[in-house]
**Q** 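Structure incoming, see below.
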2 protein chains.
Amino acid sequence: MQQIEELVNSLREEGFRITPQRIAIVEYLLKTNDHPSAEHIHKIVQKKYPMVSLSTVYKTLDLLREKKLVNEIKVEGEARFDAHTDEHINLICMNCGKIEDVDEDSLREIQTKAARKSKYMILKSNFELLGYCNNCKSKFI
Amino acid sequence: MQQIEELVNSLREEGFRITPQRIAIVEYLLKTNDHPSAEHIHKIVQKKYPMVSLSTVYKTLDLLREKKLVNEIKVEGEARFDAHTDEHINLICMNCGKIEDVDEDSLREIQTKAARKSKYMILKSNFELLGYCNNCKSKFI
DNA sequence: TTATTATTAGGAATACTTCCTAATTAATAA
DNA sequence: TTATTAATTAGGAAGTATTCCTAATAATAA
């Protein structure tokens with residue numbers, strides 16, 4: 001797991017201001033692996049800073065995504081965020097919305113092959129598997 | 001490429017009514033590999049049936065997706081549709097929005113491995129690579 | 001401490017999609 | 001063919017996540 005100081009410093013070095021709101025958001029993203037939504041992050045940060053606005057949460061998440069410090073995936077029209085930025089597969093539960101990460105070494109290779117075939121210049125990948133998680137699947141068999 | 005009759009019959013056999021609107025939408029999806037948006041499909045179908053509504057297009061696409069006759073992916077908040085329903089990688093141009101399909105045999109295997117590791121019951125997959133297509137990439141180097 | 005200017009809070013605006021309802025029409029039976 | 005009936009449609013309103021806007025605030029550098 002990355003340290004909060006690392007991320008904060010990498011922002012500061014690029015000239016971004018370090019605000020309590022930004023620290024709280026980064027802190028939460030680093031300690032959870034829940035892939036929270038912007039609204040969820042907003043609720044969490046509000047416990048400490050009741051005045052924080054949802055638009056600030058969105059703006060901070062935009063910044064972190066641009067700096068590749070967090071990854072964003074869309075699940076049913078809603079963005080979900082994760083500080084795990086290495087290439088991996090997101091397993092998404094279509095019932096409860098839980099997201100689990102699975103590492104898979106062959107993804108890089110697949111990416112290289114596809115880039116060669118298509119002549120696209122690849123900048124980002126998104127590998128998703130959708131279904132039911134271990135808890136939910138019994139309800140659907 | 002699938003035949004229009006196949007798809008229409010598979011709908012009819014399940015008790016769905018075959019309307020000119022539905023035929024026009026299915027026809028267009030089968031003959032293009034452009035991954036059009038709902039709005040684009042609407043514009044195309046309007047040339048033949050000026051009264052067709054956008055909500056009918058959405059409803060038909062819902063139906064086709066439920067019956068697994070088309071695949072849907074979200075690109076920058078907008079749904080894009082494709083009659084290519086076999087497992088494949090979608091290469092998405094972040095500049096012009098072009099989507100190209102690339103087949104890759106190892107996807108099934110990856111899916112099986114991830115399902116085993118995570119204990120998820122997998123129903124659907126979505127493999128995306130984002131970047132710039134062959135036409136657009138020169139602008140970004 | 002003061003000056004500068006990025007950032008914030010709060011709400012309005014946006015954009016895609018879904019929902020709602022009366023009118024229409026595809027499918028079936030007579 | 002015509003009548004019946006229920007699925008489907010057109011059109012627009014409503015919903016929802018996100019982005020945009022602006023005056024007020026506060027992080028940073030001098």
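Per chain, numbering begins at 1; letters A, B, ... match sequence-line order.
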**Q** Look at the side chain of B:Y58 and decide which nucleotide, out of C:dT17, C:dG11, C:dA26, has an atom nearest to it.
**A** C:dT17
**Q** Identify which nucleotide among C:dA26, D:dT18, D:dC20 has an atom closest to any side-chain atom of A:A38, counting heavy atoms from C-beta outward.
**A** D:dT18
**Q** Looking at B:Q21, does any N or O in its side chain come under 4.0 Å of the phosphate oxygens OP1/OP2 on D:dA10?
**A** yes
**Q** For B:E14 and D:dT8, what is the distance between atoms CD and P respectively, to the nearest whole Å?
**A**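 Those two atoms, CD and P, are 12 Å apart.
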**Q** Taking the side chain of A:R12 as heavy atoms from C-beta outward, which of D:dT8, C:dT8, D:dT28 is closest to it?
**A**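 Of the candidates, D:dT28 comes closest.
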**Q** Does B:R22 place a side-chain N or O at less than 4.0 Å from the phosphate oxygens OP1/OP2 of D:dT8?
**A** yes
**Q** Take the protein atom CD of A:E13 and the nucleotide atom P of D:dT28, then report the distance between them rounded to whole Å.
**A** 13 Å
**Q** The side chain of B:A79 is closest to which nucleotide in this list: C:dG10, C:dT17, D:dA10?
**A**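 Looking only at side-chain atoms, B:A79 lies closest to C:dT17.
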**Q** Would you call B:R65-B:D62 a salt bridge at under 4.0 Å N-O?
**A** yes
**Q** To the nearest Å, how far apart are B:E76 CD and D:dA17 C1'?
**A** 15 Å
**Q** So, does the side chain of B:R17 form a donor-acceptor pair with the base of C:dA27 at under 3.5 Å?
**A** no
**Q** The side chain of B:D62 is closest to which nucleotide in this list: C:dT8, C:dT18, D:dT9?
**A** C:dT18
**Q** So, is A:S55 near the phosphate of C:dA9, with a side-chain N or O under 4.0 Å from OP1 or OP2?
**A**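 No, outside the criterion.
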**Q** If the cut-off is 4.0 Å, is A:K59 near the phosphate of D:dT18, judged by side-chain N/O to OP1 or OP2?
**A**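 Answer is no, no contact under 4.0 Å.
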**Q** The side chain of B:E78 lies closest to which of these nucleotides: C:dC16, C:dA27, D:dG11?
**A** C:dC16
**Q** Yes or no on side chain to side chain donor-acceptor pair (under 3.5 Å) for B:H88 and B:N90, after CA distance, side-chain angles and deciding distance?
**A** CA-CA 7 Å; B:H88 63 269; B:N90 287 296; 3.2 Å; yes
**Q** Does a salt bridge link B:K113 with A:E104, judged by any charged N lying under 4.0 Å from a carboxylate O?
**A** yes
**Q** Between D:dT8, D:dT18, C:dT8, which nucleotide gets closest to the side-chain atoms of B:T19?
**A**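 Nearest to the side chain of B:T19 among the choices is D:dT8.
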**Q** From the set C:dT8, D:dA27, C:dT7, return the single nucleotide nearest to any side-chain atom of A:F16.
**A** C:dT7
**Q** Answer yes when A:E14 and A:K67 have at least one side-chain N-carboxylate O distance shorter than 4.0 Å, and no when they do not.
**A**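 Salt bridge flag = yes for A:K67 with A:E14.
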**Q** Taking atom C1' of D:dA24 as reference, at what distance in whole Å does atom CE of A:M51 sit?
**A** 12 Å
